[in-house]
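Accompanying notes for the structure given below.
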Amino acid sequence: MSVQPPPAAQPAVEDARPGPAADERAGAQETAADRTAGDRTAAGETLEDYTLRFAPRSYRRWTPMVVATTALGGIAYMADFSIGAGIGLTHGTGNALAAIAVAAVVIFVTGFPLAYYGARYNIDLDLITRGSGFGYYGSVLTSVIFASFTFIFFALEGSIMAQGLKLGLGLPLWLGYLVSTLMVIPLVIYGMKALSKLQVWTTPLWLLLMVGPLLYLVTTDPGTVDRFLSYTGTEGGGIDTASVLLGAGVCLSLIAQIGEQIDYLRFMPPKTRENRRSWWTAVVMAGPGWVVLGALKQAIGVFLAVYILAEVGPAAATEPIQQFRGAFAAMLPSWLVIPLAVVLVVISQIKINVTNAYSGSLAWTNSVSRITKHYPGRMVFVLLNLAFALTLMETDMFSVLSTILGFYSNCAIAWVVTVATDIIVNKYLLKLSPQAPEFRRGMLYAVNPVGVVAFVAASGLSIAMYFHALGDTLQPYSPVAAALIAFVLTPLMAVVTKGRYYLRRTDDGIAEALLDADGNPSATTYACHVCHQDFERPDLAACHTHDAMVCSLCLTTDRTGAHVLPAAPAAA
């Protein structure tokens, strides 16, 4: 049965249809009412920022360039300088630049299809992952991995900020860690509306402070460029494949950054004939394009580390606060050097860590709500993510940065390559995966072996290689193995399973199409008969027990499954 669109966009809440006994329906309604009362936090979408659902057109009122600027503001992090410096000081400038370039190409190619899907269909990376080979519950695993990415990098950035506060204000590191954690909470509470203003207004000053000293050094002392290019690192020698791959593995730990970019890109306005140029520019620039600026920052990190190496030593040369202190000292009066370096570090950390806290809260919420069938609100998971990050900072994770990132990159590469391959190969080339993304409970199988098998095999084998289980010779190739195994197994599993585990059913019981004539998600609104809120067409499905509709979040928190549509054979 199909539920017809409401006339004149009026809410469609109809009488219960014949089927289950009246007392069963009443029981389902009472259970839903009790549950909804307990999960009332979800109704405050201004604060919740459409955490678990499609971002509706009525909320997406920003221009493509505002969304892009907001998304790019989130990559103001200083970790790139540390990552580049660490690789360069160990393996030399030539190997470091080659490693940075290899990682950038992989990140751009895999990030493009994910960014397009997030912007075109207005859903985050977890919702994309569900319908791109993992299934409704299968993507819980990748959500936890992404949440780990956010608190690992929050801890890294918080450590860098604490180093700046210690140098500039004399704060002990433990107190700096606490300050860097607590100061983001007021900004994260209000989601995209607050973050867009913060990122837009702080970006010009951040760019000036970051680029200014570099241009000064290059133009006034060309010898710095020669020293940079000729630096061979502690291991010495020329370009070496193993060194390049080891360095690329560390850089590729940032591949999951595309998830944070999509958390903003999902608020892109509909793509139309009038805005298509600015729409595509924004998607490419703020989606996979983030890695261009990221790679430049890593290269700058190598340059600045080589520049200050003789003065501060190899340990401190990887600290961004020391790098910019040295750069500012060459062009500014001494009394202004440390204050400006601290300002740059603090602005950078606020810009990225509000994004880390925000995206982490989305990832944890997506995971826990599906498992527990309960939605306590996004702020609970903001605090949880911050607690994990603070613990890492207090245990001095900065000192083992390369090891942590090298290990993590294997999981991140396996996940992102699996989803990107499913979109490019399985959806568009093999036609075995449905092109329109699906994320609603009842429409997807619990687990899809296509993505889950490819991801587990790729990450498991590459992690074993990373920890020398397959010998020292293969250890540097663990990131390559993660990418290749995921790329091969994803279409292979789709062919073996004939794509039968993507959709549990092809009809969601609503007559109106998901997409409008321009291919954008439909903006027609309907009422959810459980929570009595209005939602746009892509966020609802027909109710199994009533001739009405249920929103995706109420389906998620339906403990009895009374509203979930039954399985039906997928279309051939």
Side-chain angles (χ1 to χ4, degrees), residues 2-12 45 50 53-71 111-125 127-128 130-132 192 196 258 261-289 419-420 422-424 426-429 431 433-440 443 502-503 506-527 534-542 549 551-552 571:
S2 296
V3 178
Q4 300 297 323
Q10 294 298 315
E45 291 294 359
Y50 300 91
R53 57 170 91 246
F54 158 81
R57 189 178 304 191
S58 59
Y59 186 73
R60 294 181 275 113
R61 298 177 180 176
W62 298 276
T63 65
M65 286 301 107
V66 168
V67 175
T69 303
T70 304
F112 179 80
L114 276 60
Y116 170 75
Y117 257 60
R120 182 64 162 157
Y121 299 110
N122 312 111
I123 53 178
D124 66 21
L125 187 51
L127 271 59
I128 295 172
R130 294 183 197 180
S132 297
M192 179 67 177
S196 62
I258 191 63
Q261 302 306 113
I262 292 172
D263 282 338
Y264 293 115
L265 286 176
R266 67 195 177 108
F267 294 114
M268 283 284 288
K271 177 176 170 288
T272 63
R273 182 169 300 180
E274 291 74 23
N275 75 354
R276 65 182 182 275
R277 181 170 297 179
S278 63
W279 192 94
W280 273 113
T281 300
V283 170
V284 173
M285 182 173 68
V419 177
D422 190 86
I423 293 174
I424 296 171
N426 294 356
K427 291 185 186 297
Y428 286 93
L429 297 180
K431 310 291 186 182
S433 176
Q435 286 191 14
E438 182 57 75
F439 62 91
R440 294 164 295 177
M443 299 300 295
Y502 282 96
L503 292 179
T506 56
D507 177 17
D508 64 5
I510 303 177
E512 183 188 1
L514 277 170
L515 307 179
D516 62 19
D518 294 322
N520 295 303
S522 170
T524 306
T525 58
Y526 300 86
D534 289 338
F535 299 99
E536 292 180 9
R537 164 69 179 91
D539 203 44
L540 301 106
M549 305 180 200
C551 72
S552 61

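The residues of the chain are indexed from 1 along the displayed sequence. Nothing here was measured: the structure is a model prediction, and the numbers come from that model.
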Between Asp518 and Arg276, does a salt bridge (Lys or Arg N to Asp or Glu O under 4.0 Å) hold up when you go through it step by step?
CA-CA 11 Å; Asp518 294 322; Arg276 65 182 182 275; over 6 Å; no
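To the nearest 0.5 Å, the span separating CG on Asp263 from CG on Asp124 amounts to 5.5 Å. One finds the OH atom of Tyr121 at 10.0 Å from the NZ atom of Lys271 (value rounded to the nearest 0.5 Å). The OG1 atom of Thr70 lies 10.0 Å from the CG atom of Leu265; values are rounded to the nearest 0.5 Å. Asp539 CG to Asp534 CG: the interatomic distance, rounded to the nearest 0.5 Å, is 11.5 Å. Taken from CZ in Arg440 to CG in Asp508, the straight-line distance is 4.0 Å, to the nearest 0.5 Å. Phe54 CZ to Leu540 CG: the interatomic distance, rounded to the nearest 0.5 Å, is 10.5 Å.
Remark: Asn122 engages Arg60 in a side chain to side chain donor-acceptor pair (under 3.5 Å) (not counting sequence neighbours). Considering only residues two or more places apart in sequence or on other chains, Ala436 meets the side-chain contact (heavy atoms from CB on, under 4.5 Å) condition with none of them.
Looking at heavy atoms from C-beta onward, Arg266 lies out of side-chain contact with Leu127 at the 4.5 angstrom threshold. The closest side-chain heavy-atom distance from Arg120 to Pro437 is not below 4.5 Å. Using a 4.5 Å cut-off on side-chain heavy atoms (C-beta onward), Tyr502 and Asn426 make contact.
Nearest heavy atoms, Ala420 versus Pro113: CB-CG, 3.9 Å. Closest heavy-atom contact between Glu536 and Ser58: OE2-N, 3.0 Å.
Ring orientation note: the planes of Phe112 and Tyr116 are close to parallel, at an angle under 30° on the 30°/60° scale.
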N/O donor-acceptor pairs under 3.5 Å from side chains in residues 277-288, not counting sequence neighbours:
{"from": "Ser278", "atom 1": "OG", "to": "Asn275", "atom 2": "O", "distance (Å)": "3.0"}
{"from": "Trp279", "atom 1": "NE1", "to": "Pro269", "atom 2": "O", "distance (Å)": "3.0"}
{"from": "Thr281", "atom 1": "OG1", "to": "Arg277", "atom 2": "O", "distance (Å)": "2.8"}

